[in-house]
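Below: one structure, written as structure tokens.
For this chain, numbers begin at 1 and follow the sequence in order. Bear in mind that the values here come from a model prediction, so they are computed numbers and not experimental data. Counting starts at 1 for both ligands and their atoms, in listed order. Only this structure's heavy atoms are used, side chains among them; waters, hydrogens and symmetry mates stay out.
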Amino acid sequence: MAPRTSFEVGGMGHSIKRKEDPRFIRGKGTYVDDVQLPGMVYLDIVRSPFAHAKIKKIDASKALAIPGVLAVITGQDLAKYNLHWMPTLMSDTQMVLPVEKVMYQAQEVAAVLATTRYGAADGVAAVEVEYEPLPVVVDPKKALEPGAPVLRTDKKDKKDNRIWHWEWGDGAATDRAIAEADVTVKQDIYIPRIHVASIETCGCVAHFDKVNDKLTVWMTTQAPHAIRTVFALVAGHVGLAEHKIRIISPDIGGGFGGKVPVYPGYVIAVAASVLTGKPVKWIEDRMENLQADSFARDYHITAELAAKKDGTLTALRIKTIADHGYTDAAANPSKFPAGLFHVCTGSYDLKAAHVEVDGVYTNKPPGGIAYRCSFRVTEAVHTIERMVDLMAHQLGVDPAEFRMKNFIKPEQFPYKSALGWEYDSGNYAGALQKAMDKIGYAELKREQVEKRQRGELMGIGISSFTEIVGAGPSKHFDILGLKMFDSCEIRIHPTGKAIARFGTKSQGQGHETTYAQILAEELGIPAADIQVEEGDTDTAPYGLGTYASRSTPVAGAAAAMAARKIQDKARKIAAHLLEAAPEDLVWEPGKFSVKGAPNKSKTIQDIAFAAYTNHPQGMEAGLEAVSYYDPPNLTYPFGSYICVVDIDTGTGEVKVRRFVAVDDCGNIINPMIVEGQIHGGLTMGFAPALLEEISYDEIGNIQGGSFIDYLVPTAVETPKWETDKTCTPSPHHPLGAKGVGESATVGAPAAIANAVVDALWHLGVRHVDIPITPPKVWKLLREKGVAG
Ligand code: CDP
């Protein structure tokens with residue numbers, strides 16, 4: 001789409017510089033830990049060394065003797081106010097602090113309040129807890145076996161560790177299609193537990209002002225309004241009414257889904273502030289963040305894909321065991337316990353599909369967060385992209401050709417999938433062809449043949465993913481009953497400058513810039529003249545927050561709709577100023593002119609001034625509008641990624657030699673920001689494909705609980721990304737835009753995994769679970785007799 005505004009105005013399609021960057025690159029951002037209040041005290045948390053144990057005794061005496069330690073808070077203390085348990089986002093229950101037993105290693109056991117951060121840490125070290133270890137359940141499959149220890153003994157009627165069973169699709173039709181198929185492939189796929197490792201850990205400053213009865217919490221949250229409501233619902237009985245709660249989400253150093261849940265630390269800090277009347281700061285350290293915050297993925301999948309002899313795909317059946325740790329704290333829309341996993345038919349025209357998921361309790365941290373993905377879409381994409389590749393290889397058909405044959409065709413949109421989704425628009429073949437041309441696919445295939453003859457291992461992997469982002473529509477999507485719309489409120493000042501506030505919250509995505517660009521596009525007011533604010537519940541309109549790439553599809557649309565309301569009023573004011581009929585005016589970004597008399601015009605700035613100084617009699621003064629946008633559908637961004645790997649037979653190391661990413665997110669607001677989103681997203685897809693994993697030993701000790709073992713890629717390990725795009729606008733979004741923030745994280749792992757399997761297929765390797773680490777590959781190479 002060619003830009004409609006000048007670069008100076010900076011509407012859609014311009015790579016204007018990010019308005020937020022001057023403060024970030026000068027170190028002048030305000031993050032939670034930058035908040036300093038007079039008389040502030042510090043909270044630190046005692047955590048369990050055991051994965052499952054009774055708490056026999058907590059002795060705080062030594063801790064309380066440390067100078068500066070003010071209090072040691074236990075579950076028993078919170079129980080007096082009925083605040084020792086809290087609801088999770090999936091309406092399960094989670095301990096704030098335990099009174100009877102702990103359920104995972106690093107779980108909160110008690111909290112220490114002290115006058116300094118170091119004093120609080122010393123206090124934590126001095127709290128003595130007596131535990132009685134209990135049998136630990138680590139493997140979710142074993143957790144489902146008869147006779148497995150029942151973990152949630154707090155739930156009186158719970159007789160096993162199954163949280164829920166959920167299924168979707170036509171099981172009978174799928175069984176029939178699989179039984180009748182000429183070819184089927186079946187594969188177990190484990191998508192391991194990983195962790196958001198944002199630069200900033202979680203934390204808050206809670207300040208209860210006893211004079212005004214008002215609680216202000218600066219906190220690392222991606223969804224400030226929802227948090228305010230949850231706080232009011234959970235703590236209403238101790239006097240915290242919603243109008244007396246202000247959540248401020250200041251600058252956030254990366255969220256990626258990990259800053260959606262309410263963690264016990266927040267609640268304890270709030271309780272401590274309400275009880276003491278002092279501001280209380282709690283900031284997690286890196287290991288707490290990795291070990292105790294909500295995890296992502298952890299899906300044990302068995303997938304079966306069926307096709308005709310000619311390579312036409314017919315049916316997909318998936319069974320999954322979802323390890324949710326000790327409580328289901330997934331950040332999913334309420335009606336969908338497995339999130340949007342049922343978008344697992346991906347980019348392919350499958351006539352039958354059926355998905356089953358069982359949520360299971362184990363002795364691990366809770367969660368199921370949407371780590372840079374729209375509620376389990378990464379799991380869905382990885383599965384279908386691995387399975388399609390497996391089928392292509394099984395049939396001896398080139399995986400690109402196989403995809404081209406089975407893609408949903410452009411003329412099939414809007415496309416109703418076998419699992420009930422209505423894809424808005426797409427051109428999957430276009431994106432794949434562009435990626436193939438860019439990488440030189442045919443030449444690479446020839447090179448691979450030559451290399452193989454020389455005993456060298458080179459693989460080419462494709463992932464042609466479809467994302468699904470922008471929840472609502474509110475008819476189907478809510479979180480704890482809160483409908484998933486989003487909002488924008490715009491006020492134009494008399495001099496034509498503006499402030500716009502949103503219900504979302506940027507965590508680095510550049511909303512201050514791109515939202516201003518949307519308004520510049522719609523109103524012709526330069527983006528530089530528009531101040532964008534988010535994250536303060538006392539000022540921003542109610543919204544559900546930023547996660548699952550919903551900001552552009554939902555709040556971005558709200559911005560356009562609110563701007564259009566302003567434009568409607570501006571037309572009436574312009575008509576008054578120009579002494580013309582409103583319908584005789586022509587709009588171009590930034591001004592109205594009289595049809596046939598282009599010199600007779602009024603700029604948006606003239607109109608703004610008139611709105612306060614010379615508006616028509618009978619019209620309300622001012623120029624402002626608000627929109628609560630309920631999207632009619634989700635948006636379906638997509639892309640095709642092609643990855644080339646070389647495998648070192650001496651070490652098992654997988655080297656990503658080339659990686660071409662062609663993305664399509666419809667109309668683009670800021671190409672530079674989108675490029676940045678894709679670069680970051682690809683790196684966050686590369687990481688779990690080759691490096692990152694959190695696992696547990698048989699007694700529940702976390703492996704990967706520090707950056708020594710949890711291998712986050714740096715610039716050194718990260719490949720060079722080659723990006724390109726196609727543009728297929730969303731037909732229902734007011735700007736034709738789709739979300740993009742997560743596409744690359746969702747799409748990248750399968751391209752890498754498929755490349756590795758492609759390199760090893762001739763040796764008899766059919767699948768490798770991610771992360772594909774050197775030891776894992778080397779073991780395979782040795783088994784196949786090709787280790788160097
Ligand atoms: O919800 P979140 O902001 O994480 O994701 P998003 O809506 O995909 O947007 C990520 C960033 O990319 C935002 O700054 C968007 O405004 C920008 N974007 C864009 O410029 N054009 C698009 N079509 C989609 C997103």
Side-chain angles (χ1 to χ4, degrees), residues 1 3 10-21 196 198 222-223 249 252 254-260 331 370-375 377 424-425 467-472 484 486 488 500 502-521 527 530 532 534-535 543-560 629 631 634-639 663-681 684 723 725-730 733-747:
M1 186 180 90
M12 283 183 66
H14 290 296
S15 288
I16 62 169
K17 285 191 179 166
R18 296 189 355 146
K19 288 161 69 113
E20 42 276 87
D21 280 351
V196 168
S198 34
Q222 299 175 225
S249 187
I252 294 194
F256 311 112
K259 288 173 180 163
V260 175
Y371 174 163
R372 208 166 179 173
C373 103
S374 195
F375 316 116
V377 178
D424 59 348
S425 62
E467 252 266 68
I468 171 170
V469 300
M484 296 185 77
D486 229 293
C488 167
F502 292 80
T504 47
K505 176 62 207 167
S506 191
Q507 310 122 44
Q509 299 93 323
H511 291 179
E512 285 167 54
T513 310
T514 47
Y515 285 156
Q517 289 188 263
I518 292 174
L519 300 182
E521 176 80 7
I530 301 167
V532 169
E534 301 175 292
L544 268 284
T546 290
Y547 40 86
S549 288
R550 62 188 299 278
S551 302
T552 303
V554 194
Y629 187 77
L634 294 120
T635 66
Y636 293 74
F638 59 93
D663 271 275
D664 192 321
C665 60
N667 290 335
I668 288 180
I669 303 157
N670 184 318
M672 176 195 71
I673 287 185
V674 166
E675 173 97 1
Q677 291 288 307
I678 291 166
H679 273 231
M684 281 181 120
T723 58
K725 54 178 171 284
T726 56
C727 179
T728 314
S730 167
H733 187 279
L735 303 162
K738 303 181 177 186
V740 75
E742 298 165 341
S743 291
T745 308
V746 166

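- Closest to atom 20 (O) of ligand 1, if we only count protein heavy atoms, is Asn670 N, 3.0 Å.
- Every N/O-N/O distance between Gly666 and ligand 1 stays at or above 3.5 Å.
- Look at Asp486 and Arg550 and you find a salt bridge, because one of the NZ, NE, NH1 or NH2 atoms lies within 4.0 Å of a carboxylate O, short of that distance.
- Close approach of ligand 1 to Ile668 (heavy-atom distance below 4.0 Å) involves ligand atoms 21 (N), 23 (N).
- Applying the 4.0 Å criterion to heavy atoms of Thr514 picks out, from ligand 1, the atoms 13 (C), 14 (O), 15 (C), 16 (O), 20 (O).
- Shortest non-hydrogen contact noted between Glu512 and Val532 is O-CG2, 3.6 Å.
- Of all heavy-atom pairs spanning Cys665 and Val674, the tightest one is SG-CG1, 4.1 Å.
- Ala555 and Thr504 make their closest contact through CB-CG2, 3.5 Å (heavy atoms, listed as atom of the first residue, atom of the second, distance).
- Nearest non-hydrogen protein atom to atom 21 (N) of ligand 1 is Ile669 N, 3.0 Å.
- A donor atom on one side chain and an acceptor atom on the other are found under 3.5 Å apart for Glu20 and Thr513.
- The two residues Met484 and Leu544 come nearest to each other via the heavy atoms CA-CG, 3.9 Å.
- Judged by distance alone, the side chains of Gln517 and His14 never bring a donor and an acceptor atom under 3.5 Å apart.
- Contact annotation for Lys738 and ligand 1: only backbone heavy atoms (N, CA, C, O) come within less than 4.0 Å of the ligand.
- We find that Asp424 and Lys738 are joined by a salt bridge, their nearest charged nitrogen and carboxylate oxygen being less than 4.0 Å apart.
- When non-hydrogen atoms are compared, ligand 1 lies under 4.0 Å from the backbone of Gln509 as well as from its side chain.
- Which parts of ligand 1 touch Gly739 is read off a 4.0 Å heavy-atom cut-off, strictly below it: atoms 8 (O).
- The residue from Val746, Val469, Val740 that alone fulfils the side-chain contact (heavy atoms from CB on, under 4.5 Å) condition with Pro637 is Val469.
- Summary of contacts: the protein heavy atom closest to atom 5 (O) of ligand 1 is Ser549 CA, 3.5 Å.
- Among protein heavy atoms, atom 3 (O) of ligand 1 sits closest to His511 NE2, 2.7 Å.
- Of the heavy atoms in Arg550, only backbone atoms (N, CA, C, O) come closer than 4.0 Å to ligand 1.
- The closest side-chain donor-acceptor pair between Thr546 and Ser551 falls under 3.5 angstrom.
- Heavy atoms of Cys665 approach ligand 1 to within less than 4.0 angstrom.
- Under 4.0 Å from ligand 1, the heavy atoms of Val674 that appear belong solely to its side chain.
- Below 4.0 Å from some heavy atom of Asn667 lie the following atoms of ligand 1, by number and element: 22 (C), 23 (N).
- Taking any N or O of Thr546, backbone or side chain, none lies under 3.5 Å from an N or O belonging to ligand 1.
- Nearest protein heavy-atom contact of atom 9 (O) of ligand 1 is Thr552 OG1, 3.4 Å.
- Closest of all the heavy-atom pairs between Glu742 and Tyr547 is OE2-C, 4.1 Å.
- By the criterion of a heavy-atom distance under 4.0 Å, neither the backbone nor the side chain of Thr513 is placed next to ligand 1.
- The nearest heavy-atom contact from the protein to atom 8 (O) of ligand 1 is Val740 N, 2.6 Å.
- Protein heavy atom in closest approach to atom 2 (P) of ligand 1: Ser551 OG, 3.5 Å.
- If you check each of Leu735, Ile673, Asp486 against atom 12 (O) of ligand 1, the one with the closest non-hydrogen atom is Ile673.
- Shown here for Gly739 and Pro553, the closest heavy-atom pair between the two residues is N-CG, 3.6 Å.
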